[in-house]
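The structure under discussion appears below in the form of C-alpha cells.
Throughout, numbering of the chain's residues begins at 1 and tracks the sequence.
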Amino acid sequence: FLYVFAPSMAALWLVSLFAAAIVFTWLFNGSGGSVLLPAVFHGAFNTMTSSTVLPPLVPALVSAAVLAAAVVIVIRFGARDLAPVARARA
C-alpha cells in the first residue's frame with residue numbers, strides 16, 4: 001500500500017475512499033438497489049481522475065467534489081438513506 005502512496009498521502013486517500021463509499025451507497029439505495037447508477041458513476045470518476053488527457057487540476061477538483069457531495073449527503077440525509085433497507089420481495 002505505501003509503495004504506491006507517500007505516507008502523508010495515504011491518509012488523504014483513505015478519506016477519499018470513505019467519501020466515495022458514502023456516495024456509492026447513496027446512489028445504490030436511491031436507485032432502488034440497482035447497481036447501474038453506481039457503476040456508471042464509478043467508471044466516470046475513474047476516467048476523470050486517471051486521465052492523462054485532462055489538465056492536472058481536474059482530478060483534484062473531481063475528488064474534492066465527491067468529498068463535498070459525501071459531506072452534503074451525510075448532513076442532508078444522515079444514516080437513514082445510507083443504511084440497508086429491507087425490501088419486500090414479490
Side-chain angles (χ1 to χ4, degrees):
F1 175 75
L2 292 178
Y3 65 90
V4 177
F5 296 109
S8 61
M9 294 300 291
L12 294 174
W13 179 78
L14 286 172
V15 168
S16 69
L17 182 68
F18 286 118
I22 289 169
V23 174
F24 290 142
T25 302
W26 182 72
L27 289 171
F28 176 78
N29 288 340
S31 65
S34 171
V35 296
L36 180 61
L37 188 58
V40 169
F41 176 79
H42 194 293
F45 177 81
N46 284 353
T47 300
M48 293 182 74
T49 57
S50 64
S51 175
T52 56
V53 178
L54 299 172
L57 187 59
V58 172
L61 292 176
V62 170
S63 296
V66 170
L67 181 59
V71 170
V72 169
I73 289 168
V74 168
I75 291 172
R76 171 69 175 90
F77 298 103
R80 175 177 45 98
D81 288 334
L82 296 176
V85 178
R87 302 192 195 302
R89 296 189 182 226

| query | Considering only heavy atoms from C-beta outward, does the side chain of Val62 approach that of Phe45 to under 4.5 Å? | reply | yes

| query | Taking all atoms of both residues into account, what is the closest heavy-atom pair of Ala70 and Ala19, and its distance? | reply | CB-O, 3.6 Å

| request: State the CG-CG distance between Leu27 and Leu37, to the nearest 0.5 angstrom. | output: 4.5 Å

| field | Heavy-atom closest pair, residues Pro56 and Pro59 | value | O-CD, 3.2 Å

| field | Value rounded to 0.5 Å, distance of CG in Leu67 from CG in Leu12 | value | 9.5 Å

| Aromatic plane relationship, Trp26 with Phe77 - under 30° parallel, 30 to 60° tilted, over 60° perpendicular | tilted

| request: Would you check if the side chain of Ser51 reaches a backbone N or O of Met48 as a donor-acceptor pair within less than 3.5 Å? | output: no

| query | Any donor and acceptor pair, going by atom type alone, linking the side chain of Ser34 with main-chain N or O of Ser31 inside 3.5 Å? | reply | no

| task | Drop me the distance from Thr49's OG1 to Leu54's CG, to the nearest 0.5 angstrom. | result | 9.5 Å

| field | Test item: Phe41 and Val66 side chains (from C-beta on) under 4.5 Å apart, heavy atoms | value | yes

